[in-house]
2 protein chains.
Amino acid sequence: MGATKTEHFTDKQNAMATMLKAFGHPARVAIMEYLMNVDACICGDIVNELPLAQPTVSQHLKELKHAGLIKGSIEGNAICYCIDERAIDLLQSYFTNLANNLNHKNNSCC
Amino acid sequence: MGATKTEHFTDKQNAMATMLKAFGHPARVAIMEYLMNVDACICGDIVNELPLAQPTVSQHLKELKHAGLIKGSIEGNAICYCIDERAIDLLQSYFTNLANNLNHKNNSCC
DNA sequence: TTTTAATATTGCAATATTACGATAAATGAT
DNA sequence: ATCATTTATCGTAATATTGCAATATTAAAA
């Protein structure tokens, strides 16, 4: 016991949870924001921006990539990471839908 | 070692991470979606909807409330939970900004 | 007041995450 | 080939999360 019961939820719910969980760490929020603000996006730069050791940053990048939030391509000696727009679009439309639905019904029960 | 280094990140980044982390679990995604779809929102209903025991659901509700994603009010013998629109608005505008910024620059480096 | 129903808390075992030092792998330069 | 640089992986300790049975709390109902 202690393992998340993913099998009981829909694929969409699990997919959304995976992305949000990956995004739900301050270091990874910072990485995503950094990737949004720069054009060049090499791991070394990110390590210098963050108060974390290189292996830790590498691991965070791995998780972001695994969740589909970023993509990377080999750029000679370095690796170029950048945000995967498709994931951001998914998140944006998810929360836009949520917000719109909440506006339509005035749930004043609380 | 092992504890998240929140002190090295901005308050905004930590706040965003807290909300996203709370949202980043399939059971809690399911709870949020359920709360969006119904008008009445009593804890007992949620327990019946989910494949989890009552204490587990209660704990998830507690986390969602702690992160500011839902709010609850005492309704006699039961407790009425519903989504806190302010949190959804924050999330929506965060990802809308992200998406818009990505569209403006065509980051074709990956 | 006792009973009933609903939600919360406690305690604990299983699992997952976080962080980093040490080390490996890969590429470019000499 | 050797070296320097950059990123990834391994191993491990500390911490956090997950889930549930058992129990406590709370408030309406009888």
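Proteins get letters first, then strands, A, B, ... in listed order; numbering begins at 1 in each. Remember, it's a predicted structure, so these values are computed and weren't measured experimentally.
- Using a 4.0 Å cut-off, no side-chain N or O of H60(B) falls inside it from OP1 or OP2 of dA8(C).
- Counting non-hydrogen atoms under 4.0 angstrom, K65(A) reaches nothing in the nucleic acid.
- Ring geometry for H25(A) versus H60(A): interplanar angle of 30 to 60°, hence tilted.
- Rounded to whole Å, atom P of dT27(C) lies 9 Å from atom CD1 of I79(A).
- Residues forming a side-chain hydrogen bond (donor to acceptor under 3.5 Å, both in side chains) with N14(A) (at least two apart in sequence, or on another chain): none.
- Of the side-chain N and O atoms in Y81(B), one or more sit less than 4.0 angstrom from OP1 or OP2 of dA8(C).
- Judged by distance alone with a 3.5 Å cut-off, no donor-acceptor contact links the side chain of Q59(B) to the base of dA8(C).
- Computed from coordinates, the L61(B) CG to dG19(D) C1' distance equals 14 Å when rounded to whole Å.
- Put simply, CG on L64(B) is 14 Å from C1' on dT17(D), counting in whole angstrom units.
- At dT18(D), none of the side-chain N or O atoms of T4(A) fall inside 4.0 Å of OP1 or OP2 (strictly under the cut-off).
- One interatomic measurement links the two molecules: CG of L52(B) to P of dT17(D), which rounds to 17 Å at whole-angstrom precision.
- Regarding R28(A), its CZ atom lies at a distance of 15 Å from the P atom of dA16(C), rounded to whole Å.
- For the OP1/OP2 pair of dT7(C) and a distance below 4.0 Å, the side-chain nitrogens and oxygens of K62(B) include no atom meeting the criterion.
- There is a side-chain donor-acceptor pair under 3.5 Å between E33(B) and Y94(A).
- Rounded to a whole Å, the CG atom of D45(B) is 16 Å from the P atom of dA5(C).
- Distances shorter than 4.0 Å separate some side-chain N or O of K21(B) from OP1 or OP2 on dT17(D).
- To the nearest angstrom, C1' of dT18(C) lies 11 Å from CZ of F9(B).
- A distance of 6.0 Å or more separates the ring centres of Y34(A) and Y81(A).
- The heavy-atom pair separating A67(A) from A22(A) by the smallest distance is CB-CB, 3.4 Å.
- We find that CD of Q54(A) is positioned 14 Å from P of dC10(D), with the value rounded to whole Å.
- Phosphate contact (OP1/OP2 of dG19(D), side-chain N/O of H8(A), threshold under 4.0 Å): absent.
- Residue whose closest nucleotide on DNA chain C sits further toward the 5' end, between P55(A) and P55(B): P55(B).
- For S58(B) and dA8(C), the shortest distance from a side-chain N or O to OP1 or OP2 is below 4.0 Å.
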